[in-house]
Protein chains: 2
Amino acid sequence: MNKKRTTLKDLAKELGLAASTISRALDDHTGISQETKEKVLKKAEELGFTRNSIASSFRKSKTLTIGVIVPRIDIHFHSLVISGIEEYAYKSGYNVTIFQSRDSIKRESKITKILQNKMSEGVIICLGTETTSYEHFEKLNRMKIPLVFYDRVPTGFEANKIIINDYESAFKATEHLIEVGCKRIAHIGGSQSTGIFKARFEGYKAALVKHKFPMEKNLVHFTKDLSYEEGALVAKKLLALKSRPDGIFCSNDYTAVSAIQVFQKNMVKIPQEIAIVGFSNYPISKIIEPHLTTVNDRAFEMGMAAARLLIRQIEEEEDIIQTEIITIKTELLIRESSTR
Amino acid sequence: MNKKRTTLKDLAKELGLAASTISRALDDHTGISQETKEKVLKKAEELGFTRNSIASSFRKSKTLTIGVIVPRIDIHFHSLVISGIEEYAYKSGYNVTIFQSRDSIKRESKITKILQNKMSEGVIICLGTETTSYEHFEKLNRMKIPLVFYDRVPTGFEANKIIINDYESAFKATEHLIEVGCKRIAHIGGSQSTGIFKARFEGYKAALVKHKFPMEKNLVHFTKDLSYEEGALVAKKLLALKSRPDGIFCSNDYTAVSAIQVFQKNMVKIPQEIAIVGFSNYPISKIIEPHLTTVNDRAFEMGMAAARLLIRQIEEEEDIIQTEIITIKTELLIRESSTR
DNA sequence: AATTAATATGCAAACGTTTGCATAAAATTT
DNA sequence: AAATTTTATGCAAACGTTTGCATATTAATT
């Protein structure tokens, strides 16, 4: 019975050639005659031969595989990034192995060990919330395995990073509210210990400063994880104020959506009485009524950029250790929630 | 310089033992003394040795890797399934390599070749829309690589399948509308050439029959891909009817949500005047007002089940070729859109 | 004390490819 | 015709593990 798959040697025996010749013929090496190449190709087709890439990887110490570590795959942002990574990697002949850290530093660390053993040629990472030390990544660094971080990137750790300009995006979003005539703009922010949410708050502040608006303490609220529920709580607080805001810049779309709903239930008209801007362009932003003005963070493009950078570093000849920080352009998608 | 990573042989030399002994010690083999095991473990730690799993895979012809082919990763349903797959695989010591077919049969076919060469030990697949012949999968079958299909599964091709009972779920959803008092129930369906959408329509019909409701042709509308936009179009048609329906069973949540919005804009009260039920439990179903009653298709559990079945088949001793079809239980999540 | 059984370790081949170097044959130059 | 270059192919080692079998040592049984 045909127990085993055909190998180079089988092909060689069939054709009366050496295995090395077959290997080179399949690689379209110069130095192998056209005639032989054709014979080999034909026979390979006939016997259904395909290279055992594990053996090849082993011999060449090249796996053509990159690893991706994300907190969770089922978060839309990450699934978009992964989609971008897969797309670029596929076209470059690389495979993508995915891992979820589920925000556990322990699991994240174990995954880096697996990737090391499996000889991943590079790794793309979005840090979990628990991660504040980077020893496990330094280990990969020492093994000369290129790393690219995106979104939640390490601070105080030199590394390749793909980010968006959160500060500027927030600045523009807030300025947009000012431009449509808002006079008192509130902010629903995320945890200030997370870089990106801090930057969004700073951008918001800067826009107020530029336009000489006062910063009103009771218009700024930080949430733990920008959840739908927290957004509703904050919205209720804003609603209860003697003098309500007439615009809100939210650090994500979930809180923006729940705010819209809270106000609507209380007969506050959006955008007439309060204009709202979100962040991230979640699918829901195009569905909620009124459609939500939001910042398109171009997750797919982030993924593509991360893969491109990583693969470039993998294939680079010289290993002058260098890191790159790439900022992806965002765009403000103006929709009805802020159009007057 | 420490150019290369430490190998078993390095360890062996350091300890004055044979490589085989080291290998066995690290495997916690019986037949290696406790003393030696400890020595080896300590030295391994000291030199930062970890097995080269490529070499191991090569020697053992076991890669501990499974492949996943989905049309697109950024569709929420698939990202949830993948999340389930990764979760189960991780706990079983397997890695997950993902590929997007982007609904191209050509790409799907090329991916199967890659998986074959890379010695994936099994593959989980959701078919692309173009796929109607299964030769590329038969090839994997012949190589004894176990396959598990989910959601969009092949017809007329014996294979492992993870599905939900679309017929029964739709039946129950429709019956629920009847129970809350709906007398004339419409249906927004998907392409009837796709098995799952056909089954949902059949389930809807069966519930009407059971309760002796007439099937009204103008209350049933099929869309091309159950998009948000198509849902709105159908809703407008239903709205224009001289005698409107008082309940709608939609084959997914997007159409259900857009129907809700169309009716609300036209001052039709949901659920009082029209009760609505969707399908799939998308995140938006918990956000839209009123919250949408929908069928939880348990995507995460489908992923877990797919991985469990696949890994069982990979590890099974006997290769009596057999296929399994596993049906995942759905549940009807009753929310405000159908509560009177 | 001699035999047997149990325990611990080593030897060497194998997995399928790739690659530097050698060699043989053909083509070109002297 | 001899020497040189070019072209095409083969040889054999190597990559790092694993594993069946052999062997050496110690312990247990007669």
Side-chain angles (χ1 to χ4, degrees), chain A residues 2-41 43-44 47-65 93 114 116-121 143, chain B residues 2-41 43-44 47-65 93 114 116-121 143:
Chain A
N2 54 337
K3 278 246 153 201
K4 308 152 158 275
R5 52 188 289 168
T6 9
T7 74
L8 270 186
K9 284 182 186 168
D10 298 337
L11 256 189
K13 203 171 288 175
E14 281 277 325
L15 291 165
L17 290 169
S20 50
T21 306
I22 310 286
S23 177
R24 283 189 263 249
L26 293 169
D27 278 347
D28 201 15
H29 230 257
T30 58
I32 300 292
S33 71
Q34 204 52 45
E35 202 194 335
T36 309
K37 281 180 188 169
E38 277 160 21
K39 249 194 313 195
V40 169
L41 238 50
K43 201 70 176 180
L47 302 187
F49 169 83
T50 48
R51 262 196 185 74
N52 177 338
S53 14
I54 294 301
S56 176
S57 288
F58 171 50
R59 170 64 228 245
K60 299 205 282 189
S61 298
K62 275 200 170 300
T63 56
L64 293 177
T65 297
I114 296 173
Q116 202 181 105
N117 296 351
K118 284 263 182 168
M119 311 219 331
S120 222
E121 298 201 46
M143 300 189 70
Chain B
N2 55 337
K3 278 244 153 202
K4 309 153 158 273
R5 53 188 287 168
T6 11
T7 73
L8 270 186
K9 284 182 187 168
D10 298 336
L11 257 189
K13 203 170 290 174
E14 280 278 325
L15 290 165
L17 290 169
S20 50
T21 306
I22 310 285
S23 178
R24 284 188 262 247
L26 292 169
D27 278 347
D28 202 15
H29 229 257
T30 58
I32 300 292
S33 70
Q34 204 52 44
E35 202 195 335
T36 308
K37 281 179 189 170
E38 277 161 22
K39 248 195 310 195
V40 169
L41 237 51
K43 203 69 175 179
L47 301 187
F49 169 83
T50 47
R51 263 196 185 75
N52 176 337
S53 15
I54 295 301
S56 176
S57 288
F58 171 50
R59 170 64 226 246
K60 299 206 283 190
S61 296
K62 275 198 171 300
T63 55
L64 292 178
T65 297
I114 297 172
Q116 205 180 104
N117 296 350
K118 284 262 182 169
M119 311 219 331
S120 223
E121 298 200 47
M143 299 188 71

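Computed from a prediction, not measured in an experiment: that's the story for all the values here. First the proteins, then the strands, lettered A, B, ... as listed; each starts at 1.
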Subject >> B:I54 CD1 - C:dT17 P separation (whole Å) >> reply: 15 Å
**OP:** With rounding to the nearest 0.5 Å, note down the distance linking CD in B:E121 to OG in B:S57.
**Re:** 8.0 Å
Subject >> Listed partners of B:E14 passing salt bridge (charged side-chain N to carboxylate O under 4.0 Å, His left out), at least two apart >> reply: B:K43
Subject >> Gap between atoms NZ and P, on B:K62 and D:dT19 respectively (whole Å) >> reply: 11 Å
Subject >> Distance in Å, A:E35 CD paired with A:K39 NZ, rounded so as to fall on 0.5 Å steps >> reply: 5.5 Å
Original post:
Roughly, in whole Å, what's the span from CG in A:D27 to P in C:dT19?
Top reply: 8 Å
**OP:** Calculate, to the nearest 0.5 Å, the distance between atoms CG and CD1 belonging to B:L17 and B:I32 respectively.
**Re:** 8.5 Å
**OP:** Would you give the length of the straight line joining atom CG of A:L41 to atom CG of A:L26, rounded to the nearest 0.5 angstrom?
**Re:** 6.5 Å
Original post:
Pairs in or reaching into residues 23-34 of chain A: which pass side-chain hydrogen bond (donor to acceptor under 3.5 Å, both in side chains), with residues at least two apart or in two chains?
Top reply: A:D27-A:R51, A:D28-A:K37, A:S33-A:T36
Just the table, please: protein N/O against nucleotides 7-16 of chain D N/O, every pair under 3.5 Å.
from, atom 1, to, atom 2, distance (Å)
D:dT9, OP1, A:T36, OG1, 2.7
D:dT9, OP2, A:S33, N, 3.1
D:dT9, OP2, A:S33, OG, 3.2
D:dT9, OP2, A:T36, OG1, 3.0
D:dG10, OP1, A:G16, O, 3.4
D:dG10, OP2, A:A18, N, 2.7
D:dG10, OP2, A:T21, OG1, 2.6
D:dG10, O6, A:R24, NH2, 2.7
D:dC11, N4, A:S20, OG, 2.9
D:dA14, N3, A:R59, NH1, 3.2

**OP:** In whole angstrom, give the distance that lies between atom CG of B:N117 and atom P of C:dT17.
**Re:** 10 Å
